[in-house]
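Because the structure is predicted, anything quoted here is derived from the model rather than measured. Order of the sequence lines sets the chain letters (A, B, ...), proteins ahead of strands, with each chain counted from 1. As a basis for the values below, the full set of heavy atoms in this structure was taken, side chains included, without hydrogen atoms, waters or symmetry mates.
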Protein chains: 2
Amino acid sequence: MAEGGPGPGGGESLLFLTDEQLRKGIEAMFFAYRGFTADPDRILGDLDYGRAHHRAMHFIHRSPGTTVNNLLSILGVTKQSLNRVLRTLIEDGLVESRVGRVDKRERHLYLTPKGTDLERALSDAQRARMRAAYRAAGPAAVQGFRQVLEAMMDPELRRQYQTLKEGGA
Amino acid sequence: MAEGGPGPGGGESLLFLTDEQLRKGIEAMFFAYRGFTADPDRILGDLDYGRAHHRAMHFIHRSPGTTVNNLLSILGVTKQSLNRVLRTLIEDGLVESRVGRVDKRERHLYLTPKGTDLERALSDAQRARMRAAYRAAGPAAVQGFRQVLEAMMDPELRRQYQTLKEGGA
DNA sequence: TTGGAAAGTCAACAAGGCTGACATAAAATC
DNA sequence: GATTTTATGTCAGCCTTGTTGACTTTCCAA
């Protein structure tokens, strides 16, 4: 690897934030994100769904009973955009939309058994890659990976990420 | 932070690869990538360009004189898709396309001064975020960040990433 | 000289973003 | 009780950026 840049050579060197180092990080994000989405995309390509469907199913699976508005703020898209995706998922019997009991304006979203199956297939594929990457890099690297990613998020998104983190732990 | 999951508590714990840990990594990638692209997107939004233009300019800046075919394999899109982007960049005087000297079929791509200016504005914004994230997470975390991302890439993309890495170092 | 690779172009299409306008039901407020 | 706000859904239309397929031009090399 021979990292550490122009500093005293790796380890606890000073902040080795040359433009070169930063550029490598940027390109690493670019290439890694392609790998990150490649496996689910392959599965989705065979069906009539896309990445947007995957994202919706992921967060519905993660927070069953979440409302449309909540999902909207997590995904960061317009309701028209989300609705198009959600409609097809509901029509195809992958997602169920239940009217809220306390507030009947709200729709609570759940994966059906069929939806759960697809979500599992997709996340199995994505997890397999993530697992392999974690194994290859080692536990210490995983720690750093998560720290940098978290620091890279917009503050608002970081809050949502952390809320999700707690909720699932 | 209190990481380390269900293992013996952080540090060199065994492979703590629970589905929960993996899912957090997946969501971290999702939220972080949004932050990663947010700043350039804001700049591009004001102009008539999109993320695809940014990517093309980034890699032309990075490897001046690269051929269209080379760029194609780095970006992983079809030549029609790239060509549309490239055409507007050339028309607008941001990119120059020179016929190859040894192989006149090839077009070698260069940023014009105008193109260099925009590229710098975009990458300055992106680097600023990356720098802040690196600073917040610390040198050791940066090491891990890069290791995990590299392990997450498809083998072919990893090779391209590493080639770029060497070329620029 | 002819085959094939590199590059470019045109047409058509799809996914998934976006805005704006509007409808409905229910909750909240006055 | 009337009004306003909120949550959701929907229609129409637009943009970017990806796709496939068909075709042309250029030009290297066998």
Which part of the nucleic acid, if any, lies within reach of Gly76(A) when heavy atoms closer than 4.0 Å are counted: base, sugar-phosphate only, or nothing? sugar-phosphate
What residues in residues 66-74 of chain A put a non-hydrogen atom under 4.0 Å from any atom of DNA chain C? none
Does a side-chain N or O from Ser81(A) land closer than 4.0 Å to OP1 or OP2 of dG16(C), or not? no
For a quick test of your reading: what N or O donor-acceptor pairs under 3.5 Å do the side chains of residues 33-41 of chain A make, sequence neighbours left out?
from	atom 1	to	atom 2	distance (Å)
Arg34(A)	NH1	Ile74(B)	O	3.0
Arg34(A)	NH1	Leu75(B)	O	3.3
Thr37(A)	OG1	Tyr33(A)	O	3.2
Thr37(A)	OG1	Arg34(A)	O	3.3
Thr37(A)	OG1	Arg51(A)	NH2	3.4
Asp39(A)	OD1	Arg42(A)	NH2	2.6
Asp39(A)	OD1	Arg129(A)	NH2	3.1
Asp39(A)	OD2	Arg129(A)	NE	2.8
Asp39(A)	OD2	Arg129(A)	NH2	3.3
Asp41(A)	OD1	Arg51(A)	NE	3.3
Asp41(A)	OD2	Arg51(A)	NE	3.3
Asp41(A)	OD2	Arg51(A)	NH2	2.6

Result for 5'-nearest mapping on DNA chain C, choosing between Asp48(A) and Val77(A), is Asp48(A)
Within the structure shown, what part of the strands sits under 4.0 Å from Val102(A) by heavy-atom distance: base, sugar-phosphate, or nothing? sugar-phosphate
Distance criterion of 3.5 Å, no angle test: do you see the side chain of Lys104(B) paired donor-to-acceptor with the base of dT26(D)? no
Can you find a side chain N or O atom of Thr78(B) that sits less than 4.0 Å from OP1 or OP2 on dG18(D)? no
Indicate whether OP1 or OP2 belonging to dT10(D) is found under 4.0 Å from a side-chain N or O atom of Arg87(A). yes
Would you mind classifying the nucleic acid contact of Arg84(B) as base, sugar-phosphate or nothing, using non-hydrogen atoms under 4.0 angstrom? base
For the pair Phe59(A) and Phe30(B), name the ring-plane relationship: parallel under 30°, tilted 30 to 60°, perpendicular over 60°. tilted
Can you confirm if the NZ or CZ of Arg98(B) lies within 45° of the ring axis of Tyr110(B) and under 6.0 Å from the centre of its six-membered ring? yes
Only one of Met130(A), Glu150(A), Arg146(A) passes side-chain contact (heavy atoms from CB on, under 4.5 Å) with Lys24(B), and that residue is Arg146(A)
Side chain Arg105(A) and base dA25(C) donor-acceptor under 3.5 Å: no
By the 4.0 Å heavy-atom rule, please label His53(B) as base, sugar-phosphate, or nothing. sugar-phosphate
Has the side chain of Gln80(B) got a donor or acceptor that lies under 3.5 Å from a partner of the other kind on the base of dG21(D)? yes
Please check the phosphate of dG18(D) (OP1 and OP2 only) for any side-chain N or O of Arg55(B) closer than 4.0 Å. yes
